[in-house]
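Here's the structure we're looking at; comments come further down.
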2 protein chains.
Amino acid sequence: MSDLLERLRGRGWRMTAQRRVVAEVLDGEHVHLTADEVHARAVDKLPEISRATVYNTLGELVSLGEVLEVSTDRRAKRYDPNAHRPHQHLVCARCGAIRDVHPTGNPLSALPDSERFGFTISDVEVTYRGVCPNCAAA
Amino acid sequence: MSDLLERLRGRGWRMTAQRRVVAEVLDGEHVHLTADEVHARAVDKLPEISRATVYNTLGELVSLGEVLEVSTDRRAKRYDPNAHRPHQHLVCARCGAIRDVHPTGNPLSALPDSERFGFTISDVEVTYRGVCPNCAAA
DNA sequence: TCCTACGATAGACAATGTCTAAGTCAAGTA
DNA sequence: TACTTGACTTAGACATTGTCTATCGTAGGA
């Protein structure tokens, strides 16, 4: 995670204990926490951190392109630190588990010009839904 | 829209003024209203209809498979009456306009077995994002 | 026409996210 | 090191979206 902290510092980010803690919480593969979960884990490390700061910091990380927002369910947004490798999500419809996946081909090419209605398309968001092995076994 | 009302009546749906109004509001192509927008339009036709009834009725229509829930932004869910033809969505990142689109090929096939982590996948949700012609011109 | 179970209602409540005003502090400067 | 300043943090009010409950009303069958 010092990678991320270094990058942020290099971009002129003012380093505070709160920001460091939020960045540390968002470390790892297949991490997809809600803002509230991030807050809860941040509080473990820094009890006086406020909800507003977590929201602010997450918003800044998203603006900087260091973290992605994903909405796999209709409840809270989730934050995905795996922003530097394009990927999609695979969600278990029962337990809500989320995995990052990497499809073949460019998903943008699936949409023919005749279906683009003159839009300039820049991005696709793809979420696969199914049942994970654990839930299938249960 | 009498089609929808007929189908619903055929399924034993008890017909009330409120339900009829909600079904009428959800008529047409490229209709993607939030629950609140549905409520506002329903109130125009039937001033005493309550918010809870709109939510209940939308939920029932979704359960019956007559209407789809889509979440193209992170704000409110939107309701799409075009439930009988599989389609995806194209969203303008500036004004939020939404169009239904129909891509070529089966999006499920883009995910190789090696990336399925043992999940049994049943569904894919695809949202294209870009800028619509109106916003591009402005 | 009358009954009754299902539907509708108002409004409280819950979850998530945003905003504000005031206090605090990181980092540059001398 | 001490000073300064504007960016950062805070608590809590507020906003939005959605859900639940207790009560009232009514569609449709007898």
Side-chain angles (χ1 to χ4, degrees), chain A residues 5-6 8-26 32-64 66-80 96, chain B residues 5-6 8-26 32-64 66-80 96:
Chain A
L5 292 179
E6 281 311 307
L8 293 172
R9 195 186 293 274
R11 296 204 200 189
W13 226 42
R14 186 162 145 185
M15 193 49 54
T16 66
Q18 292 83 352
R19 288 176 166 187
R20 189 172 36 70
V21 164
V22 169
E24 281 170 6
V25 166
L26 285 173
H32 306 89
L33 299 169
T34 65
D36 237 34
E37 287 164 353
V38 171
H39 180 236
R41 299 191 186 196
V43 163
D44 286 345
K45 301 180 179 224
L46 188 67
E48 58 282 354
I49 193 170
S50 81
R51 230 159 49 91
T53 297
V54 171
Y55 276 100
N56 289 341
T57 305
L58 289 172
E60 286 157 18
L61 288 169
V62 169
S63 299
L64 291 171
E66 295 289 349
V67 164
L68 293 178
E69 259 180 25
V70 298
S71 16
T72 53
D73 58 22
R74 281 77 189 179
R75 311 271 299 178
K77 296 179 216 174
R78 292 179 175 275
Y79 293 88
D80 182 345
Chain B
L5 291 179
E6 281 312 308
L8 294 172
R9 196 185 294 273
R11 296 206 201 186
W13 224 44
R14 185 161 143 186
M15 192 49 56
T16 67
Q18 291 83 352
R19 289 176 165 190
R20 189 173 35 70
V21 164
V22 169
E24 282 170 7
V25 166
L26 284 172
H32 306 88
L33 299 170
T34 65
D36 237 37
E37 287 164 353
V38 171
H39 179 237
R41 297 190 188 197
V43 163
D44 286 345
K45 301 178 180 227
L46 188 68
E48 59 280 356
I49 192 170
S50 83
R51 229 159 50 91
T53 297
V54 170
Y55 276 99
N56 288 342
T57 304
L58 289 172
E60 286 159 18
L61 288 169
V62 170
S63 299
L64 292 171
E66 294 290 348
V67 164
L68 293 178
E69 259 181 25
V70 298
S71 16
T72 53
D73 58 22
R74 282 78 188 178
R75 311 273 299 177
K77 294 180 218 172
R78 292 177 176 275
Y79 294 88
D80 183 344

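Protein chains get the first letters and strands the later ones, always in sequence-line order, with residue 1 at the start of each.
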When rounded to whole Å, the CZ to P distance for the pair Arg11(A) and dA26(C) reads 22 Å
Is any side-chain nitrogen or oxygen of Thr16(B) closer than 4.0 Å to OP1 or OP2 of dA8(C)? yes
Would you say the base of dG7(C) and the side-chain of Arg19(B) have a donor-acceptor pair closer than 3.5 Å? no
Separation of dA15(D) atom P from Asp36(B) atom CG, nearest Å, is 15 Å
Starting at CD of Glu37(A) and ending at C1' of dG17(C), how long is that distance when rounded to a whole Å? 15 Å
Going by heavy atoms in the side chains, are Leu61(A) and Leu8(A) under 4.5 Å from each other? yes
Would you mind classifying the nucleic acid contact of Ala52(B) as base, sugar-phosphate or nothing, using non-hydrogen atoms under 4.0 angstrom? base
Strictly below 4.0 Å: does Tyr55(A) bring a side-chain N or O up to OP1 or OP2 of dT18(C)? no
Rounded interatomic separation in angstrom, taking NE2 from His39(A) and P from dG17(C): 13 Å
Take the protein atom CG of Leu58(B) and the nucleotide atom P of dT17(D), then report the distance between them rounded to whole Å. 14 Å
Got a salt bridge between Arg11(A) and Glu60(A), using NZ or NE/NH1/NH2 to carboxylate O under 4.0 Å? no
Are any of Thr53(A)'s side-chain N or O atoms less than 4.0 Å away from OP1 or OP2 of dT10(D)? yes
When rounded to whole Å, the CE to P distance for the pair Met15(B) and dC6(C) reads 17 Å
Can you name the closest pair of heavy atoms from Val54(B) and Ala35(B) and give their distance? CG1-O, 3.8 Å
Are any of the side-chain nitrogens in Glu24(B) or Arg20(B) under 4.0 Å away from the carboxylate oxygens of its partner? yes
Comparing nearest nucleotides in DNA chain D, the 5'-proximal residue of the pair Trp13(B), Lys77(B) is Lys77(B)
Whole-Å distance separating the CZ atom of Arg20(A) from the P atom of dC8(D): 16 Å
Backbone N/O of Arg14(B) and side chain of Arg19(B): donor-acceptor pair under 3.5 Å: yes
Does a nitrogen or oxygen in the side chain of Gln18(A) sit under 4.0 Å from OP1 or OP2 of dT24(C)? no
Considering just the side-chain nitrogens and oxygens of Arg51(A), establish if one lies under 4.0 Å of OP1 or OP2 belonging to dA11(D). no
Report yes or no: is there a donor-acceptor pair, N or O only, under 3.5 Å between the side chain of Arg14(B) and the base of dG28(D)? no
Would you kindly give the CZ-to-P distance between Arg75(B) and dT17(D), to the nearest whole Å? 5 Å
Mapping Leu46(B) and Asn56(A) onto DNA chain C by nearest heavy atom, which one lands closer to the 5' end? Leu46(B)
